[in-house]
Trainee: 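Pasting a structure here, questions to come.
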Amino acid sequence: MGVHRDSAHPRVCRVHAWVWGCIGRGAHPWLYGVHWERVHGGCVHPCTPFWMCVRRGAPPPAPRSGSLSLRRWAQRLCSAAQGDTIFAMSSGHGKCGVAVIRASGPGCRAAVQSLTGRPEPPPPRVLALRRIRDPATAEPLDRGLVAWFPGPRSFTGEDCCELHVHGGPAVVSGVLQALGRLPGLRPAEPGEFARRAFHNGKLDLTAVEGLGDLIQAETEAQRRQALRQMEGELGRLYQRWSETLTQALAHLEAYIDFSEDDSVEEEVLSQVAAAVQALEQEVGAHLRDGRRGELLRGGVRVVIAGPPNVGKSSLLNLLARRPAAIVSPVAGTTRDVVELSLNVGGYPVVLSDTAGLRATADPVEREGVSRARERLQHADLVLAVLDAGAVPAEPGGLGEALGAVLPPAAAAPPPCVLVLNKADLVQDGGGALQTACARGGLPPAALLSCKTGEGLAGLLELLRRQLERLCGDPLAGSPSLTQSRHGHHLRACRAALARYGPAAGADLALAAEQLRLARRHLGRITGHVGAEDILDIIFRDFCVGK
């Protein structure tokens, strides 16, 4: 077993050598009572009380069911032995009533003692009012709340502390500088708290991504989806699939290795095949969700399109409630794509205003029309704007005008909402147009006057319904895909499951490799990739070798 070497930390190297040497000898020391002590230049190592069974030479007890394996204990131990204590401001920057400064690592207890001048930190998970001082000069910096979270019951799984101080820039800067002057503490890198939580088993990768999405959420639907993912629903779904694959793979490998000894029944192969087929169908259904999670996370791309001078830019300004685009009676004013983000009924929308669609000799306008058609090809939803006074009030004429706006020969045209603008100029109030839309099988239509704002509520309701149809309810059903990497690994997993088919005379080892590949792709989504559980299931389910 190779030992990691680091000339800057000789004592850490000895920890590595001792731990991995135990593994190489097959030793199972009883790891308990690990105390962290600072030595020589901030390097840390486990010391008294040491592993008592090793000191006494006593035979180690058998590992308990559900406990961490020796290898995982060693990985955590060596990782912690090389860890620093990190700190950073967890609340937003700028002047505020309260600023939260977080620290995590083995030096947290000493940091709290130094900053508060108390021999012990506050009781765990209890806010305590303390005077915070500069350890170098004993000068008071602020009077705030201190919270102490001893590991492993903390966000990162390590010892953590939080300082709730007044949010003035001078106070925050003074506390951060005082922390930075303490030995063994350093500013955290971006995302390092979440990384430590992942490495210590507090969060899987899907929960980490959900945490990031929750911080970035701007709408109610985004918040609901991100909170659901951060709380582990998506990770538990993938973990259940991984456990199904692990069990199928363990049974298949047991059949390969022990079928000649009559330890495994013949129907194991059929049971594995049925489980794999059911899982393949479930993964396929999960992939066919219409990109709901991705649309909700990144925003639905809504493109405003139509002929020149029908009020597209006026509609953008009306929805944005500000003059975001230039409005002029001159046809062809909009040349480039004007884009902004909106919250429509709790759903995120990336709204694009485009150039009027027409044939033109102007090279600049022609480029604008080309960009407009390109946006239409990638739109999730189209707001097709027509002049209510210029289109005939009959289904055929409306359909022809709409066909000139939508992408030609599209295999799957995007959903569309027909916006009949300038309704204030129509004599009968647009009743004939509404009848024609209802009878002609056209997309849902809304009569609107961008000049007066009449009809805006009806358009927003139509738009909200279309967005709900595209994104779904983030709280209903199974959790949706939110990241493109999830889709990549799930498609690879499904392809491997589809290749599994141990017919008569087929090589079962190759079939097992497909299951192993599918399980590996699932593990890459959550960050859990390992082989130890397979052996556990083999011996649990078949008691091979007693």
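Just so it is clear, the structure is predicted and the values come from calculations on it, not from any experiment. Only heavy atoms go into these numbers, but all of them, side chains included; no hydrogens, no water, no symmetry mates.
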Trainee: Once the angle between the rings of His488 and His521 is folded into 0 to 90°, is it parallel (under 30°), tilted (30 to 60°) or perpendicular (over 60°)?
Mentor: perpendicular

Trainee: Is it true that a side-chain atom of Asp84 and a backbone atom of Ile86 form a donor plus acceptor pair closer than 3.5 Å?
Mentor: no

Trainee: Let's go through Glu461 and Arg464 carefully: what are the C-alpha distance in whole Å and the side-chain angles of both, what is the deciding distance for salt bridge (charged side-chain N to carboxylate O under 4.0 Å, His left out) to 0.1 Å, and is it a yes or a no?
Mentor: CA-CA 5 Å; Glu461 178 59 23; Arg464 188 198 63 79; 2.9 Å; yes

Trainee: I want to check something: taking the side chain as every heavy atom from C-beta on, are Leu351 and Val344 in contact at a cut-off of under 4.5 Å?
Mentor: no

Trainee: For Arg516, is there any backbone N or O sitting under 3.5 Å from a side-chain donor or acceptor partner on Arg519?
Mentor: no

Trainee: Between Ser91 (side chain only) and Ala99 (backbone N and O only), is there a donor and an acceptor less than 3.5 Å apart?
Mentor: no

Trainee: Using a 4.5 Å cut-off on heavy atoms from C-beta on, say whether the side chain of Glu231 contacts that of Leu227.
Mentor: yes

Trainee: Kindly write out the residues that satisfy side-chain hydrogen bond (donor to acceptor under 3.5 Å, both in side chains) with Glu209, not counting sequence neighbours, or none if the list is empty.
Mentor: Arg485, His486

Trainee: Side chain of Asp380, backbone of Arg301: donor and acceptor closer than 3.5 Å?
Mentor: yes

Trainee: Go through the side-chain N and O atoms of Arg375 and Ser352 and say whether any donor and acceptor fall under 3.5 Å apart.
Mentor: yes

Trainee: For Glu192 and Glu189, indicate whether the former's side chain and the latter's backbone hold a donor-acceptor pair under 3.5 Å.
Mentor: yes

Trainee: Okay, side chain of Gln222, backbone of Leu214: is any donor-acceptor separation there less than 3.5 Å?
Mentor: no

Trainee: Would you say Ser104's side chain and Cys160's backbone share a donor-acceptor pair under 3.5 angstrom?
Mentor: no

Trainee: Is the shortest side-chain heavy-atom distance between Val165 and Val98 below 4.5 Å?
Mentor: no

Trainee: Is it the case that Arg102 places NZ or CZ above or below the six-membered ring of Phe193, under 6.0 angstrom from the centre and within 45 degrees of the axis?
Mentor: yes

Trainee: Please, which pairs that meet side chain to side chain donor-acceptor pair (under 3.5 Å) have at least one residue in residues 137-146, sequence neighbours excluded?
Mentor: Asp142-His166

Trainee: Checking Glu280 now: which residues fulfil side-chain hydrogen bond (donor to acceptor under 3.5 Å, both in side chains) with it, not counting sequence neighbours?
Mentor: none

Trainee: If only atom types and distance count, is the side chain of Asp353 paired as donor or acceptor with the main-chain N or O of Leu316 below 3.5 Å?
Mentor: no

Trainee: Taking Gln514 for the side chain and Tyr500 for the main chain, is one N or O donor matched with an acceptor at less than 3.5 Å?
Mentor: no

Trainee: So, Ser90 and Glu162: side-chain donor and acceptor under 3.5 Å apart, yes or no?
Mentor: no

Trainee: Taking CD in Glu218 as the centre, count heavy atoms belonging to other residues, nucleotides or ligands within less than 6.0 Å. Is the count above 12?
Mentor: no

Trainee: For Ser484 and Glu294, what are the C-alpha separation, side-chain angles and deciding distance, and is it a side chain to side chain donor-acceptor pair (under 3.5 Å)?
Mentor: CA-CA 8 Å; Ser484 58; Glu294 293 183 48; 5.6 Å; no

Trainee: Using a 3.5 Å cut-off and no angle test, enumerate the donor-acceptor pairs between side-chain atoms of residues 115-132 and protein atoms at least two apart in sequence or in another chain.
Mentor:
| residue | atom | partner | partner atom | Å |
| --- | --- | --- | --- | --- |
| Thr116 | OG1 | Val112 | O | 2.6 |
| Thr116 | OG1 | Arg118 | N | 3.4 |
| Glu120 | OE1 | Arg109 | NH1 | 2.9 |

Trainee: So, the side chain of Asp289 versus the backbone of Arg291: is there a donor-acceptor pair under 3.5 Å, distance only?
Mentor: yes

Trainee: When Phe87 is tested against each of Leu185, Leu163, Leu182 for side-chain contact (heavy atoms from CB on, under 4.5 Å), which residue passes?
Mentor: Leu185

Trainee: Quick one: list whatever passes side-chain hydrogen bond (donor to acceptor under 3.5 Å, both in side chains) with Arg223, sequence neighbours left out.
Mentor: Glu220

Trainee: If only side-chain N and O atoms count, and only distance matters, is there a donor-acceptor pair under 3.5 Å linking His489 with Tyr238?
Mentor: no

Trainee: With a 4.0 Å cut-off, would you call Arg465 and Glu468 a salt bridge?
Mentor: no

Trainee: When you check the gap from the basic side-chain N to the acidic O, do Arg499 and Glu513 get nearer than 4.0 Å?
Mentor: no

Trainee: Using the side chain to side chain donor-acceptor pair (under 3.5 Å) rule, collect all pairs that involve residues 172-182, keeping only residues at least two apart or in two chains.
Mentor: Asp134-Arg181, Ser173-Gln177

